[in-house]
Amino acid sequence: MARSRFRITALLASLFMVFSMIAVDHAEARRGGSFGSRGTRTFQSAPATRTAPQQTAPINRSMTPNQGPTTRQNQALPGAQPRPGFGGGLFSGGLMRGLLIGGLFGMLLGHGFGGIGGMMSMLFQFLLIGGLIWLALRMFRRQEPAMAGGPRANRYEAPRQPAPNTFNVPRMGSGAAPSAPVSRDIELNQTDLDRFERMLSAVQDAFSREDHGALRRLTTPEMVSYLSEELADNAQKGVRNEVSDVRLLQADIAEAWNEGADDYATAALRYTSRDTLRDRATGQMTLGSDETASETTELWTFRRTNGGEWKLSAIQEA
């Protein structure tokens, strides 16, 4: 009886662990949030407006390098690879998870702990896995000096005396890295505002129709990559995201500025839409409603280059 209770407890604990791992994987796979680029202001919070009075979080998915002081401590040294933590790297992913789930299911399929022999076998497996982890971490530590600058990185060498110049070559600049473009505020006109309102519906319609050509005309290449990734995920799951009947309720310009050849404008948009998720094969609705419109407030950033057409370059949740 005691052994039967022990097996039932082990079964419940194993199922809880397995389902918790699945839930974590599903949560990591979900899209959304704030993504895109706002130039040099990508990782700055946009000013509050009447439409979005709350402070909006900065963008968390962007191809723009973050050079802000708040994240310097999180950046690795040039040429160095980040040190893998105990729970990170190779053994936090599929290998460790597969070994653990495989061992749990091995117990569930009737093998149990198998008495003393089974217990020793399980301990041997844990020791083997621990040895593999220790070996991998040791290999990573050996490789770090070479990655951070090679075997000569920690060796002191006396500075070499420069050879005398035969020709007097004038210096072209200071040799420093080019600075970021200067940001200055700009004014928008009614034509710009009308363009933003039309793009709110046009981008939603192109996304619903999965029209990649229209998305390339309306958004920046970075935004096309994010939106195409979401469309590919929907196709893999066998669903289609449809957004229709988009109506703008209120809008404000949070800020508009220039950076060299590029103009940026961040607009706070509050709108209603019918947002549904449908099965691609049957057309049956799996999420949302055709009858009830939902209200959304977002910050959309638009960019134009050399006075050309505005394109969507970022979306932030407000």
Side-chain angles (χ1 to χ4, degrees), residues 24-49 51-52 54-68 70-71 74-75 180 183 196 199-237 239-243 246 248 251-257 259 262-271 273 275 277 287 294-305 309-318:
V24 169
D25 285 346
H26 178 71
E28 292 175 351
R30 288 183 299 179
R31 294 293 184 263
S34 302
F35 52 94
S37 174
R38 299 178 66 238
T40 58
R41 304 186 186 186
T42 297
F43 302 100
Q44 300 176 10
S45 297
T49 68
T51 303
Q54 302 297 328
Q55 189 76 13
T56 302
I59 290 172
N60 52 28
R61 295 170 57 205
S62 179
M63 298 180 185
T64 301
N66 188 352
Q67 302 296 335
T70 59
T71 59
N74 296 330
Q75 294 179 355
S183 174
F196 300 158
M199 290 184 66
L200 173 65
S201 299
V203 172
Q204 302 276 20
D205 178 67
F207 182 82
S208 299
R209 294 184 291 105
E210 301 182 350
D211 188 342
H212 294 271
L215 290 175
R216 284 192 292 270
R217 292 192 299 270
L218 295 168
T219 68
T220 62
E222 180 178 356
M223 289 297 289
V224 170
S225 67
Y226 291 134
L227 297 175
S228 297
E229 183 180 2
E230 295 209 22
L231 292 176
D233 286 345
N234 289 341
Q236 186 176 8
K237 296 173 184 176
V239 296
R240 180 190 298 272
N241 188 191
E242 296 181 355
V243 183
V246 179
L248 181 64
D252 293 309
I253 299 298
E255 54 184 346
W257 69 100
E259 296 178 6
D262 295 324
D263 292 336
Y264 290 88
T266 296
L269 308 173
R270 182 164 62 89
Y271 62 93
S273 63
D275 193 346
L277 206 64
L287 189 65
S294 59
E295 184 174 310
T296 305
T297 301
E298 294 174 331
L299 266 63
W300 285 33
T301 298
F302 304 91
R303 188 190 77 187
R304 66 182 176 188
T305 302
E309 292 289 339
W310 288 104
K311 293 189 174 185
L312 178 65
S313 66
I315 294 178
Q316 295 171 264
E317 293 180 342

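We number each residue from 1, following the sequence as shown. This is a predicted model, so every value here is computed, not measured.
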* **Pi-cation contact, Tyr226 with Arg61 (under 6.0 Å, within 45°)** =>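 Because its charged atom sits under 6.0 Å from the ring centre and within 45° of the axis, Arg61 does stack over Tyr226.
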Between [X] and [Y], is any pair of side-chain heavy atoms under 4.5 Å apart?
X	Y	answer
Leu218	Leu312	no
Asn66	Thr42	no
Leu269	Glu298	no
Lys311	Thr305	no

Exam field: side chain [X] to backbone [Y], donor-acceptor pair closer than 3.5 Å:
X	Y	value
Glu259	Thr40	yes
Ser62	Gly36	yes
Arg38	Pro58	no
Ser34	Glu317	yes
Asp211	Gly213	yes
Ser225	Glu222	yes

Between [atom1] on residue [X] and [atom2] on residue [Y], distance to nearest 0.5 Å:
X	Y	atom1	atom2	value
Thr51	Asp252	OG1	CG	3.5 Å
Glu230	Asn241	CD	CG	8.0 Å
Leu227	Ile315	CG	CD1	6.0 Å
Glu242	Phe207	CD	CZ	11.0 Å

* **Ring centroid separation Trp300 to Phe196 under 6.0 Å** =>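 No, ring centres 6.0 Å or more apart.
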State whether a side-chain donor-acceptor pair under 3.5 Å links [X] with [Y].
X	Y	value
Thr64	Ser37	yes
Gln316	Thr56	no
Thr220	Arg303	no
Thr266	Thr301	yes

* **Worked verdict on Phe35 versus Glu229 for side chain to side chain contact (heavy atoms under 4.5 Å, CB included)** => CA-CA 12 Å; Phe35 52 94; Glu229 183 180 2; over 6 Å; no
Using every non-hydrogen atom in the two residues, find where [X] and [Y] come nearest and quote the distance to one decimal.
X	Y	value
Ile59	Ala314	CD1-CB, 3.7 Å
Ser294	Asp275	OG-CB, 4.5 Å
His212	Ser228	ND1-OG, 3.3 Å
Trp257	Ser183	CD1-OG, 3.2 Å
Trp310	Asp263	CZ3-O, 3.5 Å

* **side-chain hydrogen bond (donor to acceptor under 3.5 Å, both in side chains) between Tyr264 and Glu255, worked out** => CA-CA 8 Å; Tyr264 290 88; Glu255 54 184 346; over 6 Å; no
* Considering residues, nucleotides and ligands other than Glu295, do more than 12 of their heavy atoms fall under 6.0 Å from its CD? ->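 More than 12 heavy atoms, drawn from other residues, nucleotides or ligands, come within 6.0 Å of this atom.
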* Evaluate side chain to side chain contact (heavy atoms under 4.5 Å, CB included) for Leu215 paired with Leu231, printing each intermediate quantity in order. => CA-CA 12 Å; Leu215 290 175; Leu231 292 176; 4.1 Å; yes
